[in-house]
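Below is one structure, written out as structure tokens; the observations come after it.
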Amino acid sequence: MNAAKPVRLPFLLHLIAVLFVLAAVMQVAGVAQTIRSWNWLLVSGYYPHPLYAVFTGSLFSLIFITTGILLWLRFSFAPRLGQLAAGLVFIWYWVDRLLLSRVQLQINSHLIPLIVSVVMLIFLLFSLWLLEPFMKSSTSLPEDESME
């Protein structure tokens with residue numbers, strides 16, 4: 001009998017899945033804080049409206065938790081979904097920072113955040129690309145069954 005060896009999952013898979021779940025928890029905490037401080041935000045003239053912060057926080061938390069769970073369960077499309085989520089958050093962060101913010105900063109004030117966010121994006125995209133071979137394939141047999 002030729003028993004197939006179980007595939008050892010890389011630590012990177014667990015790390016990236018946990019990072020997505022932690023990002024979701026941070027977004028939920030931000031939504032909770034916005035709701036808790038709703039009246040103070042309205043009185044102080046918070047821009048954009050607190051509803052915007054609740055909507056974007058809820059949307060991103062849903063995307064992050066879904067991606068983290070699908071990575072943990074090793075769905076074949078999960079790395080691509082993670083790359084899409086990382087790209088979406090990156091683009092939305094910079095649209096929000098440059099176009100929707102009332103605070104006009106000089107271009108050199110954006111340099112460090114831009115470098116950090118690009119490095120994080122490249123790390124996530126490359127890490128998720130490396131994880132693709134470890135995902136469950138829709139055409140492969142389960143690991144515990146063997147063909148004889």
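Note that this is a predicted model, so its numbers are computed, not measured.
- Without hydrogens or angle criteria, Gln27 side chain to Phe60 main chain gives no donor-acceptor distance under 3.5 Å.
- Within the 4.5 Å cutoff, side-chain heavy atoms of Phe134 are placed close to those of Pro10.
- Leu125 and Ile122 fall within a single hydrophobic cluster, where Ile, Leu, Val, Met, Phe, Trp and Tyr are joined by side-chain heavy atoms under 4.5 Å apart, directly or via other members.
- Distance check: Leu88 CG to Leu81 CG gives 10.5 Å after rounding to the nearest 0.5 Å.
- Annotation: the span from Ile69 atom CD1 to Phe64 atom CZ amounts to 14.0 Å, rounded to 0.5 Å.
- Grouped with Val116 in one hydrophobic cluster are Ile112, Met120, the linkage being side-chain heavy-atom contacts under 4.5 Å among Ile, Leu, Val, Met, Phe, Trp and Tyr residues.
- Both Ile91 and Leu99 are part of a single hydrophobic cluster, where members link through side-chain heavy atoms under 4.5 Å apart.
- The salt bridge (Lys or Arg N to Asp or Glu O under 4.0 Å) contacts involving residues 123-134 comprise Arg80-Glu132, where partners must be two or more places apart or lie in separate chains.
- Atom-to-atom distance recorded for Leu84:CG and Thr67:OG1 is 8.0 Å, nearest 0.5 angstrom.
- Across all their heavy atoms, Leu105 and His110 have their closest contact at CB-NE2, 3.7 Å.
- With a 4.5 Å cut-off between side-chain heavy atoms of Ile, Leu, Val, Met, Phe, Trp and Tyr, the cluster of Ile35 takes in Val31, Trp38, Leu42, Leu51, Val54.
- Applying the side chain to side chain donor-acceptor pair (under 3.5 Å) test to pairs two or more places apart or on separate chains, those with a residue in residues 51-61 are Tyr52-Trp92, Tyr52-Asp96.
- Residues Leu131 and Leu19 share a single hydrophobic cluster, defined by chaining ILVMFWY side chains whose heavy atoms lie under 4.5 Å apart.
- Phe90 places a side-chain heavy atom less than 4.5 Å from the side chain of Val118.
- Met26 and Val18 end up in different hydrophobic clusters when Ile, Leu, Val, Met, Phe, Trp and Tyr side chains are linked at under 4.5 Å.
- Residues Leu114 and Trp94 have side chains in contact (heavy-atom distance under 4.5 Å, counting atoms from C-beta outward).
- The stretch residues 65-86 participates, sequence neighbours left out, in these ring-ring contact (aromatic ring centres under 6.0 Å, His included) pairs: His14-Trp72, Phe75-Phe77.
- Residue Leu62 is not grouped with residue Val89 when hydrophobic side chains (ILVMFWY) are merged at heavy-atom distances under 4.5 angstrom, including chains of intermediate members.
- Closest heavy-atom contact between Met135 and Ala78: SD-CB, 4.5 Å.
- The line from CD1 of Ile16 to CG of Leu71 is 8.0 Å long, rounded to the nearest 0.5 Å.
- Here the CG-CZ distance, from Leu128 to Phe20, works out to 5.5 Å after rounding to the nearest 0.5 Å.
- Here Leu22 contributes atom CG and Leu15 contributes atom CG; the two are 9.5 Å apart, rounded to the nearest 0.5 Å.
- Hydrophobic side-chain contacts under 4.5 Å tie Leu41 into a cluster, directly or through other members, with Tyr46.
- Without hydrogens or angle criteria, Ser37 side chain to Thr34 main chain gives no donor-acceptor distance under 3.5 Å.
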